[in-house]
Amino acid sequence: MNETYTVGYMGMTQMSRKLLEVQNLSVRYPILSGTVFKRTVGHIYAVDSISFTLEEGDILGLVGESGCGKSSAARSLVKLVPAHSGSVFWKGTDILPLSFREMLPIRKEIQMIFQDPYSSLDPRMTAGSIIAEPLHIYNKRAQASMSGSEIRSRVKELMTMVGLSPHYENRYPHEFSGGQRQRIGIARALSLDPTLLVADEAVSALDVSIQAQIINLLRKLQEDFKLTYIFIAHDLAVVRYITNRVAVMYLGRIVEEGDTEELFNNPLHPYTRALLSSVPVPDPKLESKRKRIPLEGEVPSPNKLHKGCVFYERCANRMERCKNEKPYRARMTDNHKVACFLHHSRVDFSNSE
Amino acid sequence: MKPILEVKHLRTQFKTDIGIVKAVDDVSFDLKKGEVLGIVGESGSGKTVMGMSIMGLLPIGKNVSVSGDVIFGNENLIEKKERYMRDIRGKKIAMIFQDPMTSLNPFLRISTQLIEIMRRHLDISKQDAKDRAIELLQLTGVPQPKQRVDDYPHQFSGGMRQRIMIAMAISCDPSLIIADEPTTALDVTIQAQVMELLHKLKDQLDTSIILITHDLGVVAGFCDRVHVMYSGKIVEKASTNELFEDPKHPYTKGLLKSIPRADSEIKGELYTIPGQPPLLVSLPDGCPFAPRCEFVRSECTVSYPPISNFSHERNVHCWLYGDDANE
């Protein structure tokens with residue numbers, strides 16, 4: 001059912017340029033047991049059949065709590081972890097079956113920024129060589145041909161672009177602060193002129209005043225180079241500020257998706273509502289008046305597939321139907337979709353996916 | 001009413017290869033019974049070291065020195081020997097640490113760890129201590145406490161471990177809890193649960209809490225008063241409402257302006273404080289925030305601004321306010 005409706009949905013968006021199209025992507029990790037001979041005794045269903053599309057210039061936020069599969073989803077797009085099933089179309093080509101060699105020119109276009117600016121940079125390389133490394137690799141693989149001096153000037157250009165003085169080229173990561181290291185990570189990601197940047201919690205480890213600097217930098221780069229972002233974060237305030245679309249994940253599934261403002265102003269899924277109400281707001285008067293929607297218990301282990309809704313066990317509005325039937329994602333408005341039976345009565349089913 | 005804790009001119013310094021680090025530099029404040037005081041600041045501003053200094057958890061010696069007064073009850077904790085502090089820690093002052101993954105002993109059952117504290121501080125039998133441990137888990141919202149009390153830390157999730165830490169902290173009915181970033185490692189929905197729990201317990205037990213955090217949202221929802229720290233100093237003191245409504249110090253102003261919000265849309269560029277926090281070694285004369293401050297004046301680089309009092313418990317260290325406020 002899912003597939004047929006997805007096609008209907010894609011028909012709607014043919015107007016603008018589709019960059020990435022994810023269809024029913026699943027990621028599973030085996031659970032191994034045994035001391036000498038490892039055998040698979042089960043699976044962690046990290047990502048369970050998610051679909052979304054990215055258009056050029058989009059900044060899509062993937063939000064959810066730890067363990068909801070947002071990082072696994074992003075990593076499988078870049079093929080850092082193998083996908084179990086589904087397809088990922090990059091400008092129309094399914095990249096999942098591609099070989100390492102076939103993937104090279106595409107990898108260049110999809111780059112990643114990692115969370116921890118301390119562990120994602122090689123401590124024995126200088127800032128300049130870290131930023132130049134992708135260029136050298138693509139030279140070696142004959143995907144590009146840049147002379148040494150071209151690479152050097154490109155590195156200087158990149159450092160200036162992200163707000164680092166090119167004089168720091170020969171310094172090592174430990175000589176930089178957290179915010180500056182994150183800038184190095186961003187410069188490295190930009191070195192090959194990517195189209196899509198996957199930022200996995202790129203600002204989470206930074207202090208408030210530094211975080212604002214990096215957020216502004218990411219936004220500026222997006223405007224200057226017409227980049228597309230997948231922005232993974234658990235900080236919903238940051239997501240609201242930087243993204244134009246948001247997908248909320250819970251236990252491996254996207255439960256709600258929509259334009260950022262629409263979703264934040266009018267959250268529909270009971271999980272999204274609880275999540276948004278839990279975010280503390282820096283305003284004491286508002287805080288004292290706000291009503292939280294308490295969530296009972298915790299996210300269950302993703303070691304089994306759910307027959308019904310993934311949120312069933314913790315949902316305050318659960319119905320008999322939710323237990324055995326998977327809610328499909330229904331389109332509420334043009335840019336707002338939710339996978340919850342509560343809202344299905346209100347929609348025109350011909351529009352659903 | 002006499003405050004339960006008075007900190008006067010607390011200074012903590014570390015001797016390092018590159019110079020003396022003034023992690024806490026002349027910090028004074030007090031705390032009333034049943035009050036929640038928020039200490040906000042960025043990493044490296046000295047808030048954690050301040051908490052550790054109050055608890056006497058730093059290895060004082062050749063390279064570490066703590067001076068000033070920490071008056072708790074009628075005693076000055078700074079002068080006390082380790083032996084005395086051991087009777088205070090866990091009993092009268094408890095601490096909740098940031099990382100529930102590393103602050104519990106992975107080799108010992110939860111029950112063992114909870115019973116250990118109670119047996120150390122209270123005159124209680126093993127069986128009574130275990131019963132109380134189960135009660136505490138119940139109180140802090142750990143499901144099926146009877147069955148789970150004998151589990152090991154790894155069998156609990158992060159949120160549950162933090163509840164166990166809280167159970168441990170309140171086990172001997174302390175009059176002061178120092179909570180150092182208690183929810184930073186947790187997800188927002190779990191954070192909401194844990195803060196709710198702390199709030200409830202505070203009202204039930206009439207405990208005072210020092211909440212050390214970098215999250216201004218948590219401060220807004222939980223604290224009565226807030227102190228803002230920057231490079232080892234408290235630069236602004238205010239009630240929570242005053243701080244958010246009318247921040248005085250340029251650093252506080254900048255901080256409040258630079259956080260995006262989940263409850264409203266912000267258009268345009270996010271405000272940023274330029275530069276980065278200074279190293280705590282060889283701080284320049286004058287205000288440590290001066291190099292990043294948009295209102296910087298000539299006197300700012302010369303000497304550290306004196307205190308400007310606006311009202312009782314509302315003051316700021318900034319040359320902008322000079323003498324006007326004191327009049």
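First the proteins, then the strands, lettered A, B, ... as listed; each starts at 1.
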Locate the shortest heavy-atom distance separating B:Gln147 from B:Asp151; write the atom from each residue and the value.
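Looks like O-OD1, 4.2 Å.
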Among [options], who wins on heavy-atom pairs under 4.5 Å with chain A?
options                                : result
B:Ser264, B:Gly141, B:Gly159, B:Pro274 : B:Ser264
B:Gly221, B:Gly44, B:Gly158            : B:Gly221
B:Leu216, B:Thr240, B:Asp263           : B:Asp263
B:Arg292, B:Gln193, B:Glu196, B:His214 : B:Gln193
B:Ala192, B:Gly254, B:Cys223           : B:Ala192
B:Leu243, B:Leu270, B:Val188           : B:Leu270

A:Glu169 CD: over 12 foreign heavy atoms closer than 6.0 Å
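Result for CD/A:Glu169: enclosed.
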How about NZ on A:Lys220, more than 12 heavy atoms from neighbouring residues, nucleotides or ligands closer than 6.0 Å, or not?
no
Does any backbone or side-chain atom of [X] lie under 4.5 Å from a heavy atom of chain B? Answer side chain, backbone, both or neither.
X        : answer
A:Glu261 : side chain
A:Leu295 : both
A:Ser288 : neither
A:Leu286 : side chain

May I ask you to check if [X] and [Y] form a cation-pi contact, with NZ or CZ under 6.0 angstrom from the six-membered ring centre and within 45° of the axis?
X        : Y        : answer
B:Arg161 : B:Phe156 : no
B:Lys248 : B:Phe310 : yes
B:Lys233 : B:Phe289 : no

Under 4.5 Å from any heavy atom of chain A - which part of [X]:
X        : value
B:Val219 : neither
B:Gln191 : side chain
B:Phe222 : neither
B:Met195 : neither
B:Pro143 : neither

Go through [options] and name the one with the most non-hydrogen pairs under 4.5 angstrom from chain B.
options                                : answer
A:Ser278, A:Pro294, A:Pro284           : A:Pro284
A:Ile293, A:Thr260, A:Asp283, A:Val238 : A:Asp283
A:Val279, A:Leu236, A:Val281           : A:Val281
A:Gly64, A:Ser177, A:Gly67             : A:Ser177

Is it true that the side chains of [X] and [Y] contain a donor and an acceptor less than 3.5 Å apart?
X        : Y        : result
B:Glu35  : B:Ser208 : no
B:Ser258 : B:Thr272 : no
B:Glu42  : B:Ser45  : no

Is it true that A:Lys70 and A:Asp200 have a side-chain N and a carboxylate O under 4.0 angstrom from each other?
no
Determine whether the aromatic ring centres of residues A:Tyr312 and A:His306 are separated by less than 6.0 angstrom.
no
